[in-house]
Amino acid sequence: ATAADPYDVVVVGGGPGGYVAAIKAAQLGLKTACVEKRGSLGGTCLNVGCIPSKALLHNSELYHAAKHDFKNRGIDVKDVNLDLTRFMKFKDTSVTQLTKGVEGLLKKNKVDYVKGTASFSSPTSLNVQLLEGGETSLEAKNIVLATGSEVTPFPGIEIDEEQIVSSTGAIALKKVPEKMIVIGGGVIGLEMGSVWSRLGAEVTVVEFLTAIGGAGMDGEVATSFKKILEKQGMKFKLGTKVIDAEKKDGKVFLNVEDAKSGKKEQIDADCVLVAIGRRPYTKGLNLEAVGIEVDQRGRIVVDDAYNTTCKGVKCIGDATFGPMLAHKAEEEGIAVVEMIKSGHGHVNYEAIPAVVYTHPEVAWVGPSEEDLKKQGVEYRVGKFPLMANSRAKTNQDSEGFVKVLVEKNTDTLLATHIIATGAGELVASSVLAIDYKASAEDYARVCAAHPTMMESVKEAMMAGSNAMGGKAIHF
Ligand code: FAD
Ligand code: NAD
């Protein structure tokens with residue numbers, strides 16, 4: 001593309017936000033390029049995030065079940081052993097299959113994939129330092145920034161990705177640590193903590209707040225989730241502040257203090273995972289040169305049509321506001337391009353699910369009870385324990401519950417919170433219901449197959465709906 005014949009859209013970043021935007025733009029007939037500096041598409045999610053962590057979660061669950069649970073189920077397997085090299089290879093294969101798949105999709109849709117690092121030279125042109133050497137310049141009528149996020153560092157604790165690791169090191173450890181400390185009881189801490197705990201590590205999670213789960217998790221769910229993880233062997237130090245870390249004799253020593261009493265303590269481990277959040281990544285973009293503002297937390301400032309403070313430049317995904325989730329970035333990727341093409345695009349931020357892929361999984365859509373109380377919304381709670389669901393009982397996998405929050409006067413479904421095996425899939429119908437502004441009664445009157453876990457969501461809706469008499473059948 002030249003100044004005389006520019007691209008309609010250049011997307012910077014090939015993660016879930018960027019590659020989806022690029023494909024959608026090409027599908028809408030726009031001449032499109034996607035610039036990615038990693039050497040592989042799919043961004044954080046496919047390369048070092050969602051996908052590798054889920055491959056490890058899935059296989060560590062199988063390993064743990066084979067070692068500790070199969071016998072109870074009448075399945076005798078002898079000598080269950082871990083081959084960590086193959087275990088990691090499996091994960092790497094999952095990643096490569098998907099990143100190559102995305103490359104194929106860009107090709108199929110005729111998106112120009114430019115491998116390199118983009119930097120603004122003007123509001124309509126990007127300089128790209130190519131991975132293979134040299135540079136090129138891309139002219140564009142519209143630029144979409146989807147540069148994602150990076151690990152938030154812990155001041156004074158240096159990540160070496162071997163002994164003191166971020167999530168990137170935690171998905172690639174070369175041996176199972178005897179003792180692991182996780183700093184941060186959010187999503188990454190609980191998912192990666194579960195992986196290494198199932199593989200045999202003694203895992204302690206140190207969390208500054210008094211609850212686990214990170215932002216948005218319902219309080220009752222978080223309390224119950226913690227108990228379940230404790231039963232699985234994970235240890236928690238809540239309300240605890242990490243002060244600093246020291247490496248000595250092949251171990252890491254952490255100085256921590258009780259946030260309330262100030263009582264100090266030293267704890268040690270073979271490996272420390274720092275998982276205290278992520279921050280927007282905009283390094284090297286030369287945002288200042290074109291007047292693109294970022295807020296105090298480094299997020300690129302956008303209006304409700306994803307416009308940055310530089311005309312013609314938009315931003316989506318982890319680099320800007322909202323939850324740092326792959327599916328949120330993907331939704332925005334489609335909306336931003338539809339806005340470029342037609343002036344209209346839409347994401348319903350009230351209906352974005354969140355899932356923690358532990359066993360059992362935790363999933364929700366909509367506000368927590370604490371949020372509703374703060375907002376002064378009058379609501380009803382409908383709850384159904386998995387212990388009363390026939391499928392969960394049959395499988396002897398019945399930890400958890402479904403809890404729905406329903407607006408008192410209108411019966412509108414506001415939120416669904418689930419702890420259950422497969423909660424990530426179970427929550428999907430509630431996302432649809434909330435998006436369609438359904439009432440709890442609407443949901444409760446839809447047939448669920450028997451015996452399925454879905455019946456527990458339907459029953460929670462019955463219990464939450466005034467119009468249904470506020471009662472479940474099986475509890
Ligand atoms: P990214 O995926 O971060 O992609 C941005 C891309 O832009 C990167 O590849 C980067 O190399 C590239 N880039 C940056 N600057 C430039 C430049 N100047 N020029 C060219 N290219 C550039 N989310 C979920 O929804 N579900 C999960 O299960 C989940 N699990 C996760 C597990 C872990 C361990 C981690 C770390 C994250 C997880 N996430 C999960 C979060 C998810 O990965 C992010 O929300 C998602 O990747 C954001 O997408 P994005 O497109 O905004 O940015
Ligand atoms: P997070 O925000 O989920 O959790 C960080 C936790 O660390 C919080 O509980 C916070 O209170 C705690 N914390 C912060 N500073 C601390 C300190 N100094 N000492 C002790 N605890 C401290 O962040 P994360 O787990 O690092 O994950 C980063 C992002 O990646 C999240 O935004 C998440 O959305 C995304 N992610 C999503 C998934 C998923 O959807 N399944 C999985 C992994 C990551």
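Ligands are counted one by one from 1 in listed order, and the atoms in each one are counted from 1 as well.
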N or O contact, Ser167 vs ligand 1, cut-off under 3.5 Å = no
Ligand 2 to Tyr357, heavy atom cutoff 4.0 Å, flagged ligand atoms 41 (N)
Going by the 4.0 angstrom heavy-atom rule, the piece of Leu285 near ligand 1 is side chain
Below 3.5 Å, N or O to N or O, backbone or side chain included: is there any such pair between Ala118 and ligand 1?
yes
Using a 3.5 Å distance criterion without hydrogens, assess whether the side chain of Asn307 forms a donor-acceptor pair with backbone atoms of Asp303.
no
ask   = Is Arg198 reaching over with its side chain to a backbone N or O of Asn59, donor-acceptor style, under 3.5 angstrom?
value = no
Practice item. Look only at the side chain of Thr320 and the backbone of Gly317, and say whether a donor-acceptor pair between them is shorter than 3.5 Å. Key: no
re atom 35 (C) of ligand 1, the protein heavy-atom contact at minimum distance is Gly49 CA, 3.6 Å
Atoms of ligand 1 under 4.0 Å from any heavy atom of His327, numbered from 1 in the order shown, are 25 (O)
Per-atom filter on ligand 2: closer than 4.0 angstrom to a heavy atom of Phe154 are 17 (C), 18 (N)
**Message:** side chain to side chain contact (heavy atoms under 4.5 Å, CB included), that's the test. Do Leu273 and Met180 meet it? Break it down for me.
**Reply:** CA-CA 7 Å; Leu273 163 60; Met180 180 181 223; 4.2 Å; yes
Decide, yes or no, whether a salt bridge links Lys226 with Glu230 under the criterion of side-chain N to carboxylate O below 4.0 Å.
-> yes
Requested in this report: Look at ligand 1 and say whether Glu150 reaches it with a heavy atom at a distance under 4.0 Å.
Outcome: no
The protein heavy atom nearest to atom 34 (O) of ligand 2 is Met324 O, 3.1 Å
Original post:
Does a donor on one side chain sit under 3.5 Å from an acceptor on the other, for Asp112 and Tyr7?
Top reply: yes
**Message:** Under 4.0 Å, counting heavy atoms only: does Val128 come that close to any atom of ligand 1?
**Reply:** no
query = Would you say ligand 2 has an N or O under 3.5 Å from any N or O of Thr240?
reply = no
among protein heavy atoms, the one nearest atom 4 (O) of ligand 2 is Gly186 CA, 3.2 Å
Atom 43 (O) of ligand 1: of Pro16, Cys45, Gly13, the nearest heavy atom sits on Cys45
protein heavy-atom neighbour closest to atom 25 (O) of ligand 2 works out as Ile188 N, 2.9 Å
Counting from 1 in the order shown, the ligand 1 atoms closer than 4.0 Å to a non-hydrogen atom of Gly148 are 1 (P), 3 (O), 5 (C), 52 (O), 53 (O)
field: Distance-only N or O hit between ligand 1 and Tyr281, under 3.5 Å
entry: no
Checking heavy-atom distances from atom 27 (C) of ligand 1 to each of Gly284, Cys50, Pro323, Gly43, the winner is Cys50
Quick note on ligand 1: atoms under 4.0 Å from a heavy atom of Gly317 include exactly 52 (O)
With heavy atoms and a 4.0 Å threshold, my read on which part of Lys283 contacts ligand 1 is neither
When distances are taken from atom 22 (C) of ligand 2, the protein heavy atom at minimum range is Ile276 CG2, 3.6 Å
Before signing off on this row, confirm whether Gly42 and ligand 1 have an N or O atom pair separated by under 3.5 Å. no
Near Ser53 (heavy-atom distance under 4.0 Å), the atoms of ligand 1 are 32 (C)
Exercise. State whether the side chain of Glu338 and the backbone N or O of Gly345 hold a donor-acceptor pair below 3.5 Å, judged by distance alone.
Key: no
Main chain of Leu28, side chain of Lys341: is a donor-acceptor contact present, judged purely on distance under 3.5 Å?
yes
_Testing the 3.5 Å rule here: is there a donor-acceptor pair between the side chains of Glu293 and Thr308?_
no
- prompt: Within the side chain of Glu161, is there an N or O that forms a donor-acceptor pair under 3.5 Å with the backbone of Gly169?
  reply: yes
Which of Lys175, Lys247, Lys179, Lys251 passes salt bridge (charged side-chain N to carboxylate O under 4.0 Å, His left out) with Asp270? Answer is Lys251
Here the atoms of ligand 1 under 4.0 Å from any heavy atom belonging to Val48 are 34 (C)
If we number the atoms of ligand 2 from 1 as shown, the ones under 4.0 Å from a heavy atom of Val355 are 39 (C), 40 (O), 41 (N)
For Met324, the atoms of ligand 1 under 4.0 Å from one of its heavy atoms are 41 (C), 45 (O)
Less than 3.5 Å between some nitrogen or oxygen of Gly277 and one of ligand 2, yes or no? yes
**Asked** Between Asn127 and Glu135, is any side-chain donor less than 3.5 angstrom from a side-chain acceptor?
**Response** yes
Regarding Tyr349 and Glu332, is there a side-chain donor-to-acceptor distance under 3.5 Å anywhere? yes
Quick check: does Glu191 get an N/O under 3.5 Å from an N/O on ligand 1? no
Return yes or no for this condition: an N or O of Glu207 is under 3.5 Å from an N or O of ligand 2.
-> yes
Going by the 4.0 angstrom heavy-atom rule, the piece of Leu209 near ligand 2 is side chain
Ligand 1 to Thr44, heavy atom cutoff 4.0 Å, flagged ligand atoms 1 (P), 2 (O), 3 (O), 4 (O), 36 (C), 43 (O), 47 (O)
Thr309 side chain vs Gly291 backbone, donor-acceptor pair below 3.5 Å: yes
Rounding to 0.5 Å, atoms CH2 (Trp196) and CG (Leu56) come to a distance of 7.0 Å
For atom 20 (C) of ligand 2, the closest protein heavy atom turns out to be Phe208 N, 3.3 Å
Closest to atom 48 (C) of ligand 1 (heavy atoms only, candidates Thr320, Thr117, Asp318, Val12) is Asp318
Short version for Lys241: what comes under 4.0 Å of ligand 2, heavy atoms counted, is neither
Note: ligand 1 atoms sitting under 4.0 Å from heavy atoms of Ser149 are 3 (O)
* Do side-chain atoms of Ser149 reach the backbone of Asp318 as a donor and acceptor pair under 3.5 angstrom? -> no
Taking atom types as modelled, is there a side-chain donor on Thr99 or Thr96 under 3.5 Å from an acceptor on the other? no
In terms of its nearest heavy atom to atom 7 (O) of ligand 2, the top option of Gly184, Gly189, Ala326 is Gly184
among protein heavy atoms, the one nearest atom 28 (C) of ligand 2 is Arg278 CG, 3.5 Å
re atom 5 (C) of ligand 2, the protein heavy-atom contact at minimum distance is Ala275 O, 3.5 Å
On the ring face of Tyr306, is Lys314 found with NZ or CZ under 6.0 Å from the centre and within 45° of the axis?
no
Q.
With a 3.5 Å distance limit and no angle check, can you tell me whether Asn286 reaches the backbone of Phe120 through a side-chain donor-acceptor pair?
A. yes
Quick look: Val151 vs ligand 2, heavy-atom contacts under 4.0 Å, and the answer is neither
Review point. Judged by modelled atom types alone, do Asp218 and Ser368 share a side-chain donor-acceptor pair under 3.5 Å?
Key: no
Closest to atom 38 (C) of ligand 2 among protein heavy atoms sits Val187 CG1, 3.3 Å
Item to check | Polar atom proximity, Ala326 to ligand 1 (N or O, under 3.5 Å) | outcome: yes
